[in-house]
Amino acid sequence: MAAAGSKITREQLVDLLNDDLEREYQAIIAYVVYSQVLKGAEYMNIADELEVHAGEELQHAITLANQIDYLGGMPKVTPKPVKTSEDAKEMLRFDLDNENETIRNYRQRVRQCEELGEFGMAEHIRKILVDEQDHQIALATALGVDIPDVTKPDERA
């Protein structure tokens with residue numbers, strides 16, 4: 001990462017976008033699995049929503065891979081580890097925590113893209129950010145918690 005006050009490089013942005021891509025792969029896997037294993041009437045609506053989220057995360061991964069290629073990098077192919085649990089609320093909490101981290105990262109990424117003069121790329125990231133915030137709202141609602149303030153690291157609802 002660029003030191004405070006110094007400009008981020010294209011290579012650093014590629015590394016950060018690849019980290020984001022690994023998180024998108026993680027989200028795809030988590031949403032596919034969680035949407036199928038959540039049990040109980042109270043989780044049927046969110047289970048259906050998670051299936052939709054999986055498709056959106058796939059589109060995010062494609063967008064990121066495209067932007068990484070545009071910058072001259074090679075998209076990574078390995079997801080970050082996916083947490084599972086027998087407890088439905090715990091799985092939803094894992095998802096919410098991941099979305100919170102993703103939102104924090106994409107907010108940074110928008111600023112970093114703009115710092116490099118990559119305004120079109122920043123717009124692509126903004127579109128992804130809109131979806132991620134929708135996911136965050138759906139998960140927080142399903143858990144019955146307030147939307148976390150992601151401007152602070154490790155903020156939990």
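- Between Tyr34 and Asp95, some side-chain heavy-atom pair lies under the 4.5 Å cut-off.
- Of all heavy-atom pairs spanning Cys113 and Ile125, the tightest one is SG-CG1, 4.4 Å.
- Within the 4.5 Å cutoff, the side chain of His124 has no heavy atoms near those of the Tyr70 side chain.
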Verdict with supporting geometry, Met121 and Leu17, side chain to side chain contact (heavy atoms under 4.5 Å, CB included): CA-CA 11 Å; Met121 188 178 299; Leu17 290 171; 4.0 Å; yes

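- Inter-residue side-chain proximity for Val110 and Tyr106 is flagged as unmet; no heavy-atom pair is nearer than 4.5 Å.
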Residues Gln67, Val14; criterion side chain to side chain contact (heavy atoms under 4.5 Å, CB included); working and verdict: CA-CA 8 Å; Gln67 298 306 306; Val14 165; over 6 Å; no

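- With sequence neighbours left out, the side chain to side chain contact (heavy atoms under 4.5 Å, CB included) criterion links Glu90 to Ser85, Asp87, Phe94.
- At least one donor-acceptor pair closer than 3.5 Å links the side chain of Asn18 to the backbone N or O of Lys76.
- Between Val145 and Arg93 the shortest side-chain heavy-atom distance falls below 4.5 Å.
- For Ala54, the side chain to side chain contact (heavy atoms under 4.5 Å, CB included) partners are Tyr31, Val32, not counting sequence neighbours.
- Separation of atoms CE (Met91) and CG (Leu96) is listed at 14.5 Å; rounding is to 0.5 Å.
- Using a 4.5 Å cut-off on side-chain heavy atoms (C-beta onward), Ile46 and Thr141 make no contact.
- Residues Val33 and Val82 have side chains not in contact (no heavy-atom distance under 4.5 Å, counting atoms from C-beta outward).
- Remark: Lys80 engages Asp19, Glu22, Arg23, Gln26 in a side chain to side chain contact (heavy atoms under 4.5 Å, CB included) (not counting sequence neighbours).
- Residue Val37 is grouped with residue Leu143 when hydrophobic side chains (ILVMFWY) are merged at heavy-atom distances under 4.5 angstrom, including chains of intermediate members.
- Cluster annotation: Met44 is not connected to Leu139 through the hydrophobic network of ILVMFWY side chains, with a link wherever side-chain heavy atoms come within less than 4.5 Å.
- The closest side-chain heavy-atom distance from Gln136 to Thr102 is not below 4.5 Å.
- Contact of the Leu92 side chain with the Leu50 side chain is registered, since non-hydrogen atoms from C-beta on lie closer than 4.5 Å.
- For the salt bridge (Lys or Arg N to Asp or Glu O under 4.0 Å) test, residues two or more places apart in sequence or in another chain that qualify with Glu118 are Arg10.
- With sequence neighbours left out, Gln36 forms a side chain to side chain donor-acceptor pair (under 3.5 Å) with Glu51.
- Looking at residues two or more places apart in sequence or on another chain, you find a salt bridge (Lys or Arg N to Asp or Glu O under 4.0 Å) between Glu123 and Arg126.
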Return a table of donor-acceptor pairs under 3.5 angstrom between the side chains of residues 57-65 and protein atoms on other chains or two or more places apart.
from, atom 1, to, atom 2, distance (Å)
Glu57, OE1, His60, ND1, 3.0
Glu57, OE2, His135, ND1, 3.1
His60, ND1, Glu24, OE1, 3.4
His60, ND1, Glu132, OE2, 3.0
His60, NE2, Glu56, O, 3.4
His60, NE2, Asp131, OD2, 2.8
Thr63, OG1, Gln59, O, 3.1

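- Glu11 contributes atom CD, which lies 9.5 Å from atom CG of Leu13 (distance to the nearest 0.5 angstrom).
- In the hydrophobic clustering of this structure, Ile29 does not group with Val52; members are Ile, Leu, Val, Met, Phe, Trp, Tyr whose side-chain heavy atoms approach within less than 4.5 Å, directly or through other members.
- Side-chain polar atoms of Gln108 and Arg111 form no donor-acceptor pair below 3.5 angstrom.
- Annotation: salt bridge (Lys or Arg N to Asp or Glu O under 4.0 Å) contacts of Asp15 (sequence neighbours excluded): none.
- Atom-to-atom distance recorded for Lys39:NZ and Glu86:CD is 10.0 Å, nearest 0.5 angstrom.
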